[in-house]
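Each residue takes its place number in the sequence, starting with 1.
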Amino acid sequence: TIYLLIFAIKSKWSKNSFTRYWKYKEMGTYEKVANSEAVSPQAVWDTLHHARAIEVIEAENMVEKMLKERAREMHSEGNS
């Protein structure tokens with residue numbers, strides 16, 4: 001269900017939103033993305049904010065964390 005919500009948000013993104021999303025995930029700061037595109041950090045922030053990309057990243061991170069925790073639980077149950 002969370003993935004469906006993330007997909008629904010991403011389905012409305014522009015090419016620029018996707019590009020900056022992936023660069024932000026890789027580079028980690030607005031400034032680094034801005035430097036790579038020769039734009040201001042504010043322009044990067046505006047794109048990611050309007051696309052709700054930061055919320056998407058947070059949701060993806062939460063899903064990944066939950067899956068890792070569940071995998072650890074299953075592993076420890078198997079070793080009991």
Side-chain angles (χ1 to χ4, degrees):
T1 324
I2 293 173
Y3 281 118
L4 291 175
L5 294 171
I6 291 170
F7 178 77
I9 292 169
K10 286 182 175 181
S11 70
K12 298 180 190 241
W13 285 4
S14 65
K15 181 179 178 183
N16 193 36
S17 296
F18 272 109
T19 300
R20 290 183 176 169
Y21 161 82
W22 285 110
K23 284 185 178 183
Y24 181 80
K25 282 189 71 151
E26 179 183 319
M27 297 178 176
T29 69
Y30 302 119
E31 291 80 14
K32 289 179 183 177
V33 176
N35 289 337
S36 77
E37 296 186 357
V39 299
S40 70
Q42 184 66 46
V44 175
W45 183 89
D46 287 343
T47 300
L48 296 177
H49 175 74
H50 293 295
R52 304 200 60 109
I54 302 307
E55 290 87 346
V56 167
I57 291 168
E58 289 172 356
E60 289 170 337
N61 290 342
M62 182 57 68
V63 169
E64 183 179 343
K65 181 181 174 185
M66 289 171 24
L67 291 174
K68 284 180 180 177
E69 287 176 10
R70 182 63 185 137
R72 274 194 297 270
E73 289 171 5
M74 291 175 66
H75 180 72
S76 66
E77 289 171 3
N79 290 332
S80 301

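- Atom OH of Tyr21 and atom OG1 of Thr47 lie 15.0 Å apart (nearest 0.5 Å).
- Residues forming a ring-ring contact (aromatic ring centres under 6.0 Å, His included) with His49 (at least two apart in sequence, or on another chain): Trp45.
- We find the CD-CG distance between Glu55 and Leu48 to be 10.0 Å, quoted to the nearest 0.5 Å.
- Tracing side-chain contacts under 4.5 Å through hydrophobic residues (I, L, V, M, F, W, Y), one reaches Leu67 starting from Ile57; they form part of the same cluster.
- Lys68 NZ to Glu64 CD: the interatomic distance, rounded to the nearest 0.5 Å, is 4.0 Å.
- Checked by atom type, the side-chain pair Asn35/Glu31 shows no donor-acceptor distance below 3.5 Å.
- Note that OH of Tyr3 is 7.5 Å distant from CD of Glu60, once rounded to the nearest 0.5 Å.
- Annotation: side chain of Lys23 is not in contact with side chain of Val44 (no heavy-atom distance under 4.5 Å).
- Contact between Val56 and Trp13 at its shortest, heavy atoms only, is CG2-CZ2, 3.9 Å.
- To the nearest 0.5 angstrom, Arg20 atom CZ is 9.0 Å from Asp46 atom CG.
- Minimum interatomic distance between Ile6 and Ala59 (heavy atoms only, all atoms of both residues): CD1-CB, 3.9 Å.
- Between the OG atom in Ser17 and the CZ atom in Arg52 there is a gap of 13.0 Å [rounded to 0.5 Å].
- Put simply, Leu5 and Met62 are part of two different groups of oily side chains (I, L, V, M, F, W, Y) that touch within less than 4.5 Å, one to the next.
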